[in-house]
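Just below is one structure, and these are the notes that go with it.
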Number of protein chains: 2
Amino acid sequence: MWSIFDFFDTIFRVNDQAKQALQEIIREKTYSKNEIIQAIGSRCRTIYFVKSGGARIFYYKDGTDITEHFAFDNDLIVRAESLFTGNPTSKGIQAIDATRMLAIDSEKLFHLYDQHHDLERLFRLIFEREYVNTVKRLESLQFKSAKERYLELLDTTDFVQKIPLKYIASYLGITPVSLSRIRAGID
Amino acid sequence: MWSIFDFFDTIFRVNDQAKQALQEIIREKTYSKNEIIQAIGSRCRTIYFVKSGGARIFYYKDGTDITEHFAFDNDLIVRAESLFTGNPTSKGIQAIDATRMLAIDSEKLFHLYDQHHDLERLFRLIFEREYVNTVKRLESLQFKSAKERYLELLDTTDFVQKIPLKYIASYLGITPVSLSRIRAGID
DNA sequence: CAAAAAAATTAACAAATGATAAAAAATCAA
DNA sequence: TTGATTTTTTATCATTTGTTAATTTTTTTG
């Protein structure tokens, strides 16, 4: 049977005690389409992995809903600026589809780091990967045109079909109208 | 006398053996203005902390020099997409000014993680902060206007005066001409 | 210091993107 | 299924940013 540990093992194989301890703080949760998983203004104290379905991190800028991040199969989803600082964040998490999540309480996990060096290493490596993804995305936003960014997204992300275009637009840093225009210009 | 450990201690206080082991792999290096510290195309195997002066991460997109990152006093500077993957990167590091750096060999450091849990924790926390900074910058690039981004940079970064405007322009994702226009429009 | 080179500004026009409104298409809910 | 709602597209015009080129200012170097 499939388990998140198959995925963890591809990153770093932890010893059995660590695995057991981690196992004990993992909970499975299900969300319906469009359900708010974590509210805007809350603190990030949960580390989610998408088991099925998908979710997004979003916030409002001048009343406009902006999608900052997408997550699908096996992807991690956390609001880093809160998780790693303890500060509340103006970002929320919402299910894009009917979604099953694995949820890890971050405070419990961080405590386990003291007893299980292996867990600290596993999650260090997981978050390093996430950090690298963020740098790549930065690069894309900094100097690529909206059209380039859209084509790149089509190219690198499976599941694009599952995402409403209005979410994709703000993710790319443009308006839905602009995205329509760009799509119309591609044959 | 001032030491980088004063800074490290504000993040996480490591035990004496760890401190000693880390001390042994720190080297001080000096660079002259505009000197290339790490060449484009190389692998990132060094973690730098700026002791004095400043540096930037840059790359070329369609022949145009783009600055991705600035670092000044006490700031960390690494090319994460290479450091954490082992892959070569198309980005380089250049001194903006006469600069003194503390340089840590990353391979040696990563090996020390096995013997010194404390060091793994210290650097995990350091890179988590850096990750949070990157997320903030992403937010800025995704939906703020060039003028907003410029004002934000003025507001949050000391040392702006030390940076040539051409570097600032590409950092903001705009051309130098555009930046001049924005500056002309501020009274 | 003076000449040369590099950086920054200004101007004029082009291209990309935003804003608003209306129409068409897709989705949702009774 | 059907009417209502939401999403996407299309169109028009405004604004922002890019491009090129010329000019001014600053920095570098002999």
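In what follows, chains carry the letters A, B, and so on, assigned in the order in which the sequence lines appear, proteins first and then strands, with residues in each chain numbered from 1.
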Item checked: Separation of D/dT17 P from B/Leu179 CG (nearest whole Å) -> 11 Å
Notebook entry, point to check: Base, sugar-phosphate alone, or nothing: which one does A/Ser180 contact when heavy atoms must sit under 4.0 Å apart?
Noted result: base
Notebook entry, point to check: B/Tyr167 ring centre to B/Arg56 NZ or CZ under 6.0 Å, with the angle to the axis within 45°?
Noted result: yes
Check: Starting at CG of B/Leu172 and ending at P of D/dG18, how long is that distance when rounded to a whole Å?
Finding: 10 Å
Notebook entry, point to check: Going by distance alone, is a donor N or O of one side chain under 3.5 Å from an acceptor N or O of the other, for B/Glu139 and A/Tyr59?
Noted result: no
Margin query: Assuming nearest nucleotide by heavy-atom distance, tell me which of B/Lys144 and A/Pro164 is located more 5' along DNA chain D.
Written below: A/Pro164
Item checked: Whole angstrom value for the distance that separates C1' of C/dG18 from CD of B/Glu148 -> 14 Å
Next item on the list: On DNA chain C, check which nucleotide each of B/Lys166 and B/Arg181 is closest to and give me the residue with the more 5' one.
Entry: B/Lys166
Notebook entry, point to check: Nearest-Å distance, NZ (A/Lys61) to C1' (C/dA19)?
Noted result: 16 Å
Next item on the list: Please check if any side-chain donor atom of A/Ser180 sits under 3.5 Å from a side-chain acceptor atom of A/Arg183, or the reverse.
Entry: no
Note to self: Measuring from the side chain of A/Leu165 (C-beta onward, heavy atoms only), which nucleotide among D/dT9, C/dT10, D/dG18 has the closest atom?
What the structure shows: D/dT9
Notebook entry, point to check: Taking only N and O in the side chain of A/Thr175, is any of them less than 4.0 Å away from OP1 or OP2 of C/dT17?
Noted result: no
Next item on the list: Would you kindly give the CD1-to-C1' distance between A/Ile182 and D/dT10, to the nearest whole Å?
Entry: 15 Å
Margin query: Closest approach to the side chain of B/Ala184, judged atom by atom: which nucleotide of D/dT17, C/dT10, C/dC28 is it?
Written below: C/dT10
Notebook entry, point to check: In whole angstrom, what separates A/Ile96's CD1 from D/dT6's P?
Noted result: 19 Å
Check: With nearest nucleotides of DNA chain D determined for A/Ile163 and B/Ser178 from heavy-atom distances, which residue corresponds to the more 5′ nucleotide?
Finding: A/Ile163
Margin query: On the nucleotide D/dT27, are OP1 or OP2 found under 4.0 Å from the side-chain N or O atoms that B/Lys33 carries?
Written below: no
Notebook entry, point to check: Between the side chains of B/Thr89 and B/Arg79, is a donor N or O closer than 3.5 angstrom to an acceptor N or O?
Noted result: no
Note to self: What is the separation between atom CG on B/Asp62 and atom P on D/dT19, rounded to the nearest whole Å?
What the structure shows: 10 Å
Checklist line | Charged N-O contact under 4.0 Å between A/Lys136 and B/Glu81 | finding: no
Note to self: The side chain of A/Ile174 is closest to which nucleotide in this list: D/dT17, C/dC28, C/dG18?
What the structure shows: C/dG18
Next item on the list: Can you tell me the distance, in whole Å, between the CZ atom of A/Arg183 and the P atom of C/dA25?
Entry: 14 Å
Check: Looking at the side chain of A/Val177, which of D/dT10, D/dT17, C/dG18 is the nearest nucleotide?
Finding: D/dT10
